[in-house]
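Here is the structure we will look at, set down as structure tokens.
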Amino acid sequence: MSLAFCGNDNNSAAYNVDTGVLNNGCFLDALTVVPHVFLLFITFPILFIGWGSQSSKVHIHHSTWLHFPGHNLRWILTFILLFIIVCEIAEGIVSDGFNQSVHLHLYMPSCLAFMAAITSIVFYHNIETSNFPKLLMTLLIYWVLAFVSKTIKFFKYTEHGIGLRQLRFGITGLLMLLYGLLLAVEINVILRRRYMCFAHPTEVKPPEDLQDLGVRFLQPFVNLLSKSTYWWMNTFITAAHRRPIDLKVIGKLPIAMRALTNYLKLSEAFEAQKRPQGTLLQGPKCIWTALRQAFGRPLFLSITYRFMADLLGFAGPLCISGIVHHLSKENHTIQPPHLGIYFISSQEFLANAYVLAVLLFFALLLQRTFLQASYYVAIETGINLRGAIQTKIFNKIMHLCTANMSMGGMTVGQICNLVAVDTNQLMWFFFLCPNLFAMPVQIIVGVILLYYLLGISALIGATVITLLAPVQYFVATKLSDAQKSTLEYSSERLKKTNELLRGIKLLKLYAWEHIFCSSVEETRRKELTSLQTFALYTSISKIIIKIKNIKCKQNI
């Protein structure tokens, strides 16, 4: 079959320009090629001759890295832009299947737009790492041209009665919006950095951490793609593969992740709760309020990532169900042509098995990305919280008088439990906090989808889950009581052991070894009994969770 940009059908109206060039769909698609060709021709020499050539290639140290205003927003918009362009390519390929000949204009401009979007973000990354914002003028021109071309195309579709029932109309509108937002981000960089149209550009230095050559943990400072994939760690992984690495090679932590910084943040949160009389509020509410103020924002971000990952997890079964349902179904209902070309609806687009397979791949990829991002933020926040509380405990201990220690007001065992056990429990609470908020969403959405697919039989599994919930709550309460008693017995045992070791000479003098030894062993037996109770309730809890999983699998 011969190829032609506008197709070579005998009765094709693709080349008909009697009513004007802009009223022809093929020429509208050709118009959108201009911005992408402009960017590719301008940036390729800079990327491959300027930064990419071996003769002029200079190693750019991370001390020159500087995020321009709107850095994360630009990356997020670019990722969304790439996804919409992929949908546009797929829509063009599916639409081309309804034609008698190959119409390259349905998907070739989208392929060039995909290449241009990747080139734009690579070009931006190189400009940002070298801290040379004047080259962003090229991207500004590109966003203007792309926005104008998509706006013309969108309004021409509106004039010819093409609406939301046609998928290409919605995709064109989304692309127009994304190009407009990226243009606004570029204008914001100009206004904030003043690198163009201003007499005195704004001088901005990279972060203080990057100026310290000893800081090699670059997760907070790299771009969004490197954060998601941990690409910056390849240097460490390669070095560790060749030879064992030590703490000197790993380097220092950034300032924001150090214990002192998080301690000061937590102290400020406590100080913010002072009453007008200058006294602090007392009780657990005061502590939880301070923790929320100091570490609530990253925890909320982790919960949001987990929600998105759980919602994307339901896309997999839906896509597979759609593939099975539509795999043997042929649907070639041809819509009346507009602007000389055919438009398919969203239902026809999603009825294609290949499209659903691609959507399944992207859904799983995004689900794993959001899930690991949730884990990372929760773990980092929990570790920062533990470091802050341990520092606060040590600071409090240093201000205690010796009378509290000698008279039993505060024992060594209690201090060890506070520093080692209690702070570790709080850290694990932050680790698992996203799961606590995500479980109701998983259950509710899962039951709704099962009811949609299976009908009334899905309510049987939901009933079992509902009946087991009070039992699991009872077991969790007993687990908490057993853990609390274990900590009390452990603290008492450490206290007696410490007293025994301090007064060992007196014990030997009066031959009291067996008496104190029996007392310590009795406390240890109570501690072991409490540990056995804790292990028993843990097993019961795992059995209940296993039963829930079995019922869910049976429903599916």
Counting distance only, does the side-chain N/O of Ser226 pair as donor-acceptor with the main-chain N or O of Asn223 below 3.5 Å? no
Taking atom CZ as the centre, does Phe300 end up with more than 12 heavy-atom neighbours from other residues, nucleotides or ligands that are less than 6.0 angstrom away? no
Do Glu380 side-chain atoms and Met257 backbone N/O form a donor-acceptor pair below 3.5 Å? no
Check: Leu136 and Leu139 side chains under 4.5 Å, non-hydrogen atoms: yes
Would you say the rings of Tyr142 and Phe38 are close, in the sense that their centroids are separated by under 6.0 Å? no
Go through the steps for Gln219 and Tyr230 under the test side chain to side chain donor-acceptor pair (under 3.5 Å), then give the verdict. CA-CA 8 Å; Gln219 179 72 8; Tyr230 303 99; 4.6 Å; no
As a quick check of understanding, evaluate side-chain contact (heavy atoms from CB on, under 4.5 Å) for Phe307 and Phe370, giving each step before the final call. CA-CA 9 Å; Phe307 280 161; Phe370 283 122; over 6 Å; no
Looking at Ser321 and Leu318, would you say the former's side chain and the latter's main chain have a donor-acceptor pair under 3.5 Å? no
Verdict with reasoning, Tyr157 to Arg168, per side-chain contact (heavy atoms from CB on, under 4.5 Å): CA-CA 9 Å; Tyr157 282 173; Arg168 193 173 308 171; 3.5 Å; yes
Assess whether ring pair (Phe, Tyr, Trp, His ring centres under 6.0 Å) is satisfied between Tyr375 and Phe431, documenting all intermediate values. CA-CA 7 Å; Tyr375 287 150; Phe431 287 178; 9.8 Å; no
One should read off an interatomic distance between Asn352 CG and Ile323 CD1, to the nearest 0.5 angstrom, of 9.5 Å
Are side-chain heavy atoms of Phe362 and Val86 found at a separation under 4.5 Å? yes
Less than 6.0 Å separating the ring centroids of Phe154 and Phe169? yes
Indicate yes or no: does Glu88 engage Lys150 in a salt bridge with an N to O separation below 4.0 Å. yes
Enter the distance from Phe83:CZ to Leu359:CG here, rounded to the nearest 0.5 Å. 5.5 Å
Residues Glu186 and Arg74 bridged, charged N to O under 4.0 Å: yes
State, with a plain yes or no, whether a side-chain heavy atom of Ile80 is found less than 4.5 Å away from one of Ile84. yes
Carefully, step by step, assess Ile152 and Leu28 under the rule side-chain contact (heavy atoms from CB on, under 4.5 Å). CA-CA 8 Å; Ile152 294 173; Leu28 276 178; 4.3 Å; yes
CG of Leu436 to CE of Met439: how many Å apart, nearest 0.5 Å? 5.5 Å
Non-hydrogen side-chain atoms of Val445 and Leu449 separated by less than 4.5 Å: yes
Mutual orientation of the aromatic rings belonging to Tyr179 and Trp143 [parallel < 30°, tilted 30-60°, perpendicular > 60°]: tilted
Donor-acceptor pair, side chain of Asn188 and main chain of Ala184, under 3.5 angstrom: no
pair Asp29-Lys153: side-chain heavy atoms closer than 4.5 Å: yes
Evaluate the side-chain proximity of Trp232 to Phe221: yes if any heavy-atom separation is below 4.5 Å, no if none is. no
Strictly under 6.0 Å, is that where the ring centroids of Trp231 and Phe236 end up? no
Is the shortest heavy-atom distance from the side chain of Leu140 to the side chain of Leu183 under 4.5 Å? yes
Has Met308 got more than 12 heavy atoms of other residues, nucleotides or ligands less than 6.0 Å from its CE? no
Return yes when atom CG of Leu164 has more than 12 non-hydrogen atoms of other residues, nucleotides or ligands closer than 6.0 Å, and no otherwise. no
Taking OH in Tyr305 as the centre, count heavy atoms belonging to other residues, nucleotides or ligands within less than 6.0 Å. Is the count above 12? no
Correct closest heavy-atom pair for Leu82 and Ala117 would be CD2-CB, 3.5 Å
Any chance you could lay out the side chain to side chain donor-acceptor pair (under 3.5 Å) test for Glu128 and His67, step after step, and finish with the verdict? CA-CA 6 Å; Glu128 197 176 48; His67 288 178; 4.7 Å; no
First locate atom SG of Cys433, then atom CG of Leu426, and finally report the distance between them rounded to the nearest 0.5 Å. 11.5 Å
First locate atom CG of Leu106, then atom CD1 of Ile89, and finally report the distance between them rounded to the nearest 0.5 Å. 12.5 Å
Determine whether Asn126 and Phe123 satisfy the following criterion, side-chain contact (heavy atoms from CB on, under 4.5 Å), listing intermediate values before the conclusion. CA-CA 5 Å; Asn126 283 275; Phe123 185 67; 5.9 Å; no
Beyond-backbone contact of Met176 with Phe147, side-chain heavy atoms, under 4.5 angstrom: yes
Between Ser302 and Ser374, does any side-chain donor sit less than 3.5 Å from a side-chain acceptor? yes
Roughly how far apart are Tyr354 OH and Ile93 CD1, rounded to 0.5 Å? 12.0 Å
Assess the residue pair Trp288 and Phe429 against the criterion (ring pair (Phe, Tyr, Trp, His ring centres under 6.0 Å)); give the C-alpha distance rounded to whole Å, side-chain angles, the decisive distance to 0.1 Å, and a yes or no. CA-CA 12 Å; Trp288 286 112; Phe429 170 75; 5.6 Å; yes
